[in-house]
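A short worksheet on the structure shown next.
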There are 2 protein chains.
Amino acid sequence: MKTLQPLTPINKTLLDDFAACFKPVKKNYSRGEVIMRLDDDNKSVGILISGTAHLITTTFDGTKTIIDYFEQGSIFGRRFSPGTQTDPYTVIAKNRCTVWLVDYLKVITPCEKRCDKHIRLIDTMLLTMAQRAQLHVEVLGKRTIRGKLLSYFYYLSKARSARTFTLPLSLSDLADYISADRSAMMRELKKLNEEKILISHACKITILKIIPL
Amino acid sequence: MKTLQPLTPINKTLLDDFAACFKPVKKNYSRGEVIMRLDDDNKSVGILISGTAHLITTTFDGTKTIIDYFEQGSIFGRRFSPGTQTDPYTVIAKNRCTVWLVDYLKVITPCEKRCDKHIRLIDTMLLTMAQRAQLHVEVLGKRTIRGKLLSYFYYLSKARSARTFTLPLSLSDLADYISADRSAMMRELKKLNEEKILISHACKITILKIIPL
DNA sequence: AAAAGTCTGTTGCATTTGCAACAAAAACGT
DNA sequence: ACGTTTTTGTTGCAAATGCAACAGACTTTT
């Protein structure tokens, strides 16, 4: 699957500011490698410079849930666990990727100059993280697979300002993201096609009709 | 339903710091009143001093989802919408409550003295909000009603350090929080009782056995 | 170029869930 | 203290979902 424009793009200026303020450590990872374990002690923040990565958690029976996915420009890290945490949260590289890592404390502690840039950066970072969690709750909050798919698709369509778009996740991974059985999801996707609400071929989606959820 | 200790307690010192740093406006609301609309322009942060409130969203067909619930000490506000946002998010008083309101910008902008307290405050606030979103994703991420119930109950049990506890939501509201049909949830609750995994009478729950989800 | 692995797409069947509707208990307001 | 509203608890039935299993397409690795 090809890499796409980030959903919440971090522009170049912001990246430059980030580098200037925080002096990040740059690292590379290849497919399957663990980029970060999000346990309680983790005090790192990362920006994905290239490649894609997933934040996943796996239960004892092997059921995987994709909590979040990261593309070029995504900020991640310190996904504070609510404290239950039996299952580990890990950020795993989906393919070769480059990451900038910084200490979380550096981020929330204002730098010497108390510069505006810094404050805007914190704001952007938190906004991004909060928005993504919010989106996920909104999607997962739908009671049916159809509702989950449509609310996610409508979001993507709006975010990219296009009726046609390519998913940032494989259909397999999408099922894990919306927390549904893959075959059940495929069936629902088929129905949506038959009812001419959308057209889909693998990860390519075209919205034909917007219906209330 | 009686008010309980907050899940993520904000201690008195923190509240004092908050008051000192931000000079909040104090307001009172009675049951059903809208405390805050969480649209994109909203730039307020609130702390619930007494009473309970829910953050809800309602779809066109009347399906209500409880996104979050607030008790004494809960911090809420600026729940950045992901941008789809067809349905409004509102914080509604569940009963008579007192709220402190401050401007979000004041919170993220470091104060004159760049005091440590301020930074810890920001950290605590964000931690709290992030944890709650994370918990919700963790609960909603379970594929079955049983899984949702148990992961939530285990969390509460751990948070309160007790096998027996009272839910912070009515069963009706709990169904909306875990995004399930109430009757289906009641059925599942009954089964959990029959299988002696827990004992429940209305909002009073006792965990008997911890099983893998 | 072949082999291994992943991803898409599909189906039958058992189970879970949602929907609609109702009754009793509890909480609330005046 | 009374009537009103909310909440808990239940059921039958239809619809949605999960599970298991399989085949072909596509990618990546060797």
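In this text the structure is predicted, and so the values were computed from the model without any measurement. Protein chains get the first letters and strands the later ones, always in sequence-line order, with residue 1 at the start of each.
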Using whole Å, what does the distance between atom [atom2] of nucleotide [N] and atom [atom1] of [X] come to?
X         : N       : atom1 : atom2 : result
Leu149(A) : dT8(C)  : CG    : P     : 13 Å
Leu189(A) : dG18(D) : CG    : P     : 14 Å
Leu167(B) : dG9(D)  : CG    : C1'   : 15 Å
Lys64(A)  : dC7(C)  : NZ    : C1'   : 12 Å
Asn95(A)  : dC26(D) : CG    : P     : 20 Å
Leu192(A) : dG9(C)  : CG    : P     : 13 Å
Lys190(A) : dT17(D) : NZ    : C1'   : 16 Å
Arg96(A)  : dT28(D) : CZ    : C1'   : 12 Å

*Hey, which of these two, Glu188(A) or His201(B), hits DNA chain D nearer its 5' end, going by closest nucleotide?*
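Residue closer to the 5' terminus by nearest nucleotide: His201(B).
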
By nearest atom, which of the nucleotides [options] is closest to the [X] side chain?
X         : options                  : value
Ala180(B) : dG18(C), dA16(D), dC7(C) : dG18(C)
Leu171(B) : dT10(C), dT8(D), dG18(C) : dT8(D)
Arg187(A) : dG9(C), dT11(C), dG18(C) : dT11(C)
Met186(B) : dG9(D), dT8(C), dT17(C)  : dG9(D)
Ala202(A) : dG9(C), dG18(C), dT8(D)  : dG9(C)
Ser172(A) : dG18(C), dG18(D), dC7(C) : dC7(C)
Asp181(A) : dC7(C), dG18(C), dC19(D) : dC19(D)

*Side-chain contact test, heavy atoms from C-beta onward, threshold under 4.5 Å: evaluate it for Met36(B) versus Leu101(B) and give yes or no.*
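A side-chain contact under 4.5 Å exists here.
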
*Answer whether the closest heavy-atom distance between the side chains of Leu135(B) and Tyr155(B) falls below 4.5 Å.*
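Yes - at least one pair of side-chain heavy atoms lies under 4.5 Å apart.
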
*Keeping the roles fixed (side chain from Lys23(A), backbone from Ala20(A)), state whether a donor-acceptor pair exists under 3.5 Å.*
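Present.
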
*Lys191(B) or Ala184(A): which one's nearest nucleotide on DNA chain C is closer to the 5' end?*
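Counting from the 5' end, the first nearest nucleotide belongs to Ala184(A).
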
*State whether the distance check finds a donor on one side and an acceptor on the other, under 3.5 Å, for side chain Arg182(A) versus base dG18(D).*
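No, no donor-acceptor pair under 3.5 Å.
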
_Rounded (10°) bend between the five-pair end axes of the helix from dA1(C)-dT30(D) to dT30(C)-dA1(D)_ =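 That helix gives 70° between its end axes.
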
_Taking side chain to side chain contact (heavy atoms under 4.5 Å, CB included) as the criterion, tell me which of Ile197(B), Thr144(B), Leu189(B) meets it with Leu149(B)._
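Only one option passes, and that is Leu189(B).
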
*How far apart are the closest heavy atoms of Phe70(A) and Leu48(A), and which atoms are they?*
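Smallest heavy-atom distance, with atoms named: O-CD2, 3.3 Å.
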
*Side-chain N or O of Lys94(A) less than 4.0 angstrom from OP1 or OP2 on dC7(C)?*
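Yes, within the criterion.
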
Applying a 4.0 Å non-hydrogen cut-off, can you work out what [X] is touching in the nucleic acid: base, sugar-phosphate, or nothing?
X         : result
Lys148(B) : nothing
Ile145(B) : sugar-phosphate
Thr144(A) : sugar-phosphate

*Which residue pairs pass the ring pair (Phe, Tyr, Trp, His ring centres under 6.0 Å) test when at least one of the two sits in residues 177-207 of chain B, sequence neighbours left out?*
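Qualifying pairs, neighbours excluded: Tyr69(B)-Tyr177(B), His136(B)-Tyr177(B), Tyr152(B)-Tyr177(B).
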
*Flag if over 12 foreign heavy atoms under 6.0 Å of NZ, Lys64(A)*: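 Yes, NZ of Lys64(A) has more than 12 neighbouring heavy atoms, counting only those of other groups under 6.0 Å.
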
*salt bridge (Lys or Arg N to Asp or Glu O under 4.0 Å): which pairs involve residues 179-189 of chain B, sequence neighbours left out?*
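Residue pairs passing salt bridge (Lys or Arg N to Asp or Glu O under 4.0 Å), neighbours aside: Arg146(B)-Glu188(B).
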
